[in-house]
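Since the structure comes first, as structure tokens, the remarks are kept for the end.
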Amino acid sequence: ETMPRAARIRSRFVVTPLGALALAAAALLALAPVPGATQDDRFPPAEVLAGTLKRVAQSGTLRLGYRADAAPFSFVSKAGEVHGYSIDLCRAIGASIGEAIGGVPPRVEFRPVTAADRLDRVAAGDVDLECGSTTNTAARRQRVAFSPPIFITGTRLAVRRDAGIRGLPDLAGRSLAVVRGTTNEEALRAIVARNGLRTGIVATDDLAQAFALLAAGRVDAVGGDDVLLVGQLVRAGERARHAVVGPLLTFERYGIAFARDDRQLAATVERAMHDLARSGELRRIYNKWFVRTLPNGERLDMPMGPELE
């Protein structure tokens, strides 16, 4: 028999006990968190960590490679402490790594590297982050990965103010020192050969050795990234007697070097640098080392350029 129309309408809104249980279960499922939803989507769950992040999580230690001779990026103070612009950035990246592995900041272990062996140490896994003044080049990206740019500079010459040298052409028949294993050495050798300058090039282990040769009169100039040359002179209190001269001979884009093909680490480094820029912390750290007065009372007076803003 056909049900009256009003009864049919009421039946649509009648819920049986079994139906009520089903609806309640559905509501609970809708309210319940999706598995893994409490995990910040920016960070991988601990059980799927890989590469450097996995090693740091297991050991509780982040290994930072530092340069003793790359002020103001990385240097050792008279008290034996490691400081510098790149060091501060690496510490900030370390904090992001701590978040990525579960919120516990890793203990920092400093390991010394040189201009000659820094990339080898990164590629071999001896250091997790190389915190110095390393130029990002296509050739180097075949061996290691790099953070977004942290500084833009280029090759120039440091000379005695009374030497009458204003640029590389004035070094024809003279000599200059440059740190081995740097892009500066490669570029200067190529430029000297291409222009037939007959300039003698002496390779040293670090900038301190190069400037020692200049002070002893054994070379007429030191070639290097202008910011490192200025930093060395400021740190030694020799800026009044020396000048950094000539146009930029190369374009150097510095970055923090780390293991190649480590996607989790690369994402964490990228995120950390973007967070620093967005929050204004990158500018604060930059100004600490390049604009404000340094611990020795000197100032570099090198405001942040548009490339990093």
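Glu281 has no carboxylate O lying under 4.0 Å from a charged side-chain N of Arg283, or vice versa, which leaves the two without a salt bridge.
Screening Cys90, Pro148, Pro149 for a side-chain contact (heavy atoms from CB on, under 4.5 Å) with Ile256, the sole residue that qualifies is Cys90. Each of Thr153, Thr135, Asp225, Asn136 was evaluated against Tyr254; a single residue qualifies, Asp225, per the side-chain hydrogen bond (donor to acceptor under 3.5 Å, both in side chains) test. Among Arg121, Arg63, Arg111, the single residue meeting the salt bridge (charged side-chain N to carboxylate O under 4.0 Å, His left out) criterion with Asp128 is Arg63.
The main-chain N or O of Ala50 is found under 3.5 Å from a side-chain atom of Gln264 such that the two form a donor-acceptor pair. Between the side chain of Arg118 and the backbone N or O of Ala115 there is at least one donor-acceptor pair closer than 3.5 Å. Within the 3.5 Å criterion, the main-chain N or O of Leu197 finds no donor-acceptor partner in the side chain of Asn195. Put simply, the side chain of Arg292 never gets that close to the backbone of Tyr286: no donor and acceptor are under 3.5 Å apart. Without hydrogens or angle criteria, Thr155 side chain to Leu249 main chain gives no donor-acceptor distance under 3.5 Å. Within the 3.5 Å criterion, the main-chain N or O of Asp120 finds no donor-acceptor partner in the side chain of Asp117. Without hydrogens or angle criteria, Glu81 side chain to Ser77 main chain gives no donor-acceptor distance under 3.5 Å. No donor-acceptor pair under 3.5 Å is formed between the side chain of Ser74 and the backbone N or O of Gly132.
The shortest distance between side-chain heavy atoms of Arg253 and Ile150 does not fall below 4.5 Å. Between Met302 and Val227 there is a side-chain heavy-atom pair separated by less than 4.5 Å. Leu64 is not listed as a side-chain neighbour of Val127, based on a closest heavy-atom distance of 4.5 Å or more. Between Phe75 and Val82, the closest side-chain pair of non-hydrogen atoms is not below 4.5 Å. Within the 4.5 Å cutoff, the side chain of Val291 has no heavy atoms near those of the Asp301 side chain. Using a 4.5 Å heavy-atom threshold, the side chains of Ile101 and Val56 count as touching.
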Do Thr250 and Thr183 pass the side chain to side chain contact (heavy atoms under 4.5 Å, CB included) test, and can you show the C-alpha distance, the side-chain angles, and the key distance before you say yes or no?
CA-CA 9 Å; Thr250 63; Thr183 52; 5.6 Å; no
Determine whether Ile87 and Phe110 satisfy the following criterion, side chain to side chain contact (heavy atoms under 4.5 Å, CB included), listing intermediate values before the conclusion.
CA-CA 10 Å; Ile87 299 300; Phe110 286 111; 4.0 Å; yes
For Ile285 and Leu89, run side chain to side chain contact (heavy atoms under 4.5 Å, CB included): C-alpha distance rounded to whole Å, both residues' side-chain angles, the deciding distance at 0.1 Å, then the answer.
CA-CA 8 Å; Ile285 295 173; Leu89 294 181; 4.1 Å; yes
Kindly determine whether Glu298 and Thr293 satisfy side chain to side chain donor-acceptor pair (under 3.5 Å), including the steps that lead there.
CA-CA 6 Å; Glu298 297 277 359; Thr293 301; over 6 Å; no
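Separation of atoms CG (Leu176) and CG (Leu213) is listed at 11.0 Å; rounding is to 0.5 Å. With rounding to the nearest 0.5 angstrom, the CE atom of Met273 is 13.5 Å from the OG1 atom of Thr268. Distance CD/Gln58 to OG1/Thr61: 11.5 Å, rounded to 0.5 Å. Here Ser86 contributes atom OG and Arg67 contributes atom CZ; the two are 9.5 Å apart, rounded to the nearest 0.5 Å. Between atom CG of residue Leu62 and atom CD1 of residue Ile97 there is a gap of 5.0 Å, rounded to the nearest 0.5 Å. Taking OG1 from Thr52 and CG from Asp262, the interatomic distance works out to 4.0 Å, rounded to the nearest 0.5 Å.
Residue Ala177 comes nearest to Thr204 through the heavy atom pair CB-CG2, 4.3 Å, listed as atom of the first residue, atom of the second, then distance. In this structure, Ala272 and Ser96 approach most closely via the heavy-atom pair CB-OG, 3.3 Å. When all heavy atoms are compared, the tightest approach of Ala71 to Arg235 is CB-CD, 4.0 Å. Closest heavy-atom contact between Phe146 and Ala257: CE2-CB, 4.0 Å. Across all their heavy atoms, Pro112 and Tyr66 have their closest contact at N-CE2, 3.3 Å. Heavy-atom minimum distance, Leu157 versus Gly167: CD1-C, 3.8 Å.
Hydrophobic clustering, with ILVMFWY side chains joined whenever heavy atoms are under 4.5 angstrom apart, groups Val244 together with Leu207. Linking ILVMFWY side-chain heavy atoms closer than 4.5 Å, directly or via other members, places Leu248 and Val192 in two distinct hydrophobic clusters. No path of Ile, Leu, Val, Met, Phe, Trp and Tyr side chains, each step under 4.5 Å between heavy atoms, connects Ile165 with Leu233, placing them in separate hydrophobic clusters. Cluster membership check: Phe258 does not share its hydrophobic cluster with Leu119, using side-chain heavy-atom separations under 4.5 Å among Ile, Leu, Val, Met, Phe, Trp and Tyr. The same ILVMFWY cluster, assembled from side-chain heavy atoms under 4.5 Å apart, contains both Val179 and Val202.
Residue pairs meeting the side-chain hydrogen bond (donor to acceptor under 3.5 Å, both in side chains) criterion with at least one partner in residues 159-181, sequence neighbours excluded, are Arg180-Asp205.
For Gln209, the CD atom is densely surrounded, since the number of other residues' heavy atoms within 6.0 Å is greater than 12. Counted within 6.0 Å of CZ on Arg198, heavy atoms from surrounding residues, nucleotides or ligands total 12 or fewer; the atom is thus considered open.
In this structure, Phe290 has its ring center closer than 6.0 angstrom to the ring center of Phe73.
Residues forming a salt bridge (charged side-chain N to carboxylate O under 4.0 Å, His left out) with Arg156 (at least two apart in sequence, or on another chain): none. Under the salt bridge (charged side-chain N to carboxylate O under 4.0 Å, His left out) criterion, Asp88 pairs with Lys288, not counting sequence neighbours.
The aromatic rings of Tyr85 and Phe151 stand perpendicular to each other, their planes meeting at an angle above 60°, with 30° marking the opposite boundary.
Between the side chains of Glu130 and Thr134, a donor-acceptor pair is found at a separation under 3.5 Å.
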